[in-house]
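Note that ligands are numbered from 1 as they come in the structure, with each ligand's atoms numbered from 1 the same way.
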Amino acid sequence: MMNHWSMTQFAATIAAATGTEAPKHSAEPLPSVVKLVDRTLNGRADRVLIYNPDCIGHWFWQKYTDWMVPVQEYAPLAAPLSTMMPSVTPVCFGTMFTGAMPAVHGIQRYEKPVITIDSLFDSLPRAGKRVALIAVSGSSMAIIFGGRNIDYFLLPYDGDVVQKALELIEKDEYDVIVAYNQAYDDMIHKTAPEAPEALSAAKDNIAAFHALCQKAEECWKAHNTLVAFAPDHGNHTDWDGHGNHGEFREEDINVVHFFGTLPKRG
Ligand SMILES: [Zn+2]
């Protein structure tokens, strides 16, 4: 069974939490996250940390549930979603940050043009929000939302992205920080979804999110913060034993986004 909620709801969820207009083509927000923000942040987050670990699917949480506890320590609310078809990186992130179906945002296969329709990277700056996008150079996330009124930090690989995100959280000069990591996706294609190298990359993603949230907890005390662990799609083992994704099957389509809040203190 495919998850009932959709990747098209992520953008509007962040918009609702920040009290900003949703991107023009987005679906409705995730109701459980709206309730969480209402109850714990009095309806409004003024800091948002979005961590995008590429390729971690719903099945990964079903099977490696204990490993994900550090994610849930900060982001206990699990929202099961279906991602888009074809379930490849630029198609799925295109939808995550526009809230629009692939036919509307324009990326319908593995290609990396700049998306021209309204996205969170447009709507948040329109509302006066300062946004930082930190991504691996040459990745989909580094390219498809180019040319917006935000600050881009395009770096060699995952560790550099995490270091920059820690630094930017500490400086507290951005309202919304988006950090993208890709090593798990890279490793499943090179090896297999549960090969030791791939699992180690996934563990790095979990540790990175935990470290970023810890930093936010320490440095954003004066703010109401929303944190999100938001992968783009899942993956499966292909006929040749390697990992792959892009198909309409549960392992590729079903993902879980984790959300949590850090209320202002003192
Ligand atoms: Zn991907």
Side-chain angles (χ1 to χ4, degrees), residues 2-3 6-8 10-11 50-61 64 68 71 79-102 105-115 119-121 133-146 154-159 161-162 178-195 197-206 208-209 228-238 242-258:
M2 301 300 179
N3 289 332
S6 168
M7 189 62 85
T8 56
F10 180 86
I50 299 169
Y51 179 68
N52 295 132
D54 205 310
C55 208
I56 295 190
H58 194 157
W59 70 260
F60 185 91
W61 183 43
Y64 296 95
M68 293 290 280
V71 170
L81 310 176
S82 283
T83 196
M84 297 292 112
M85 273 299 289
S87 47
V88 295
T89 305
V91 172
C92 299
F93 279 122
T95 291
M96 193 188 301
F97 287 97
T98 62
M101 297 292 287
H105 67 62
I107 305 183
Q108 295 184 269
R109 58 192 169 92
Y110 191 86
E111 59 178 5
K112 303 175 186 175
V114 174
I115 286 175
S119 71
L120 273 180
F121 300 111
L133 171 54
I134 318 165
V136 177
S137 309
S139 67
S140 296
M141 280 299 285
I143 295 169
I144 65 174
F145 296 107
L154 307 181
L155 301 164
Y157 209 55
D158 284 5
V161 168
V162 175
V178 179
Y180 166 79
N181 271 177
Q182 69 179 53
Y184 179 62
D185 195 329
D186 290 346
M187 288 316 300
I188 68 117
H189 289 288
K190 276 185 203 140
T191 62
E194 296 176 81
E197 301 91 329
L199 291 178
S200 159
K203 274 188 167 171
D204 288 346
N205 289 162
I206 293 163
F209 179 72
F229 180 95
D232 50 347
H233 53 72
N235 64 73
H236 65 273
T237 304
D238 227 344
H242 286 284
N244 207 350
H245 53 89
E247 297 179 18
F248 190 70
R249 49 196 290 167
E250 289 179 19
E251 305 99 295
D252 290 10
I253 296 292
N254 284 341
V255 297
V256 183
H257 284 184
F258 295 89

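A centroid separation of less than 6.0 Å is found between the aromatic rings of Phe97 and Phe10. Between Phe229 and His257, the distance separating the two ring centers is not shorter than 6.0 angstrom. Phe93 has its ring centre no less than 6.0 Å from the ring centre of Phe145.
Nearest N/O/S atom of Asp54 relative to the Zn ion (ligand 1): this is OD1. Considering just the N/O/S atoms of Asp232, the one nearest the Zn ion (ligand 1) carries the name OD2.
One of the N, O or S atoms belonging to Thr89 lies under 2.8 Å away from the Zn ion (ligand 1). Between the Zn ion (ligand 1) and His233 there is an N/O/S contact shorter than 2.8 Å.
In terms of heavy-atom proximity, Asp158 sits nearest to Gln182 at OD1-N, 2.8 Å.
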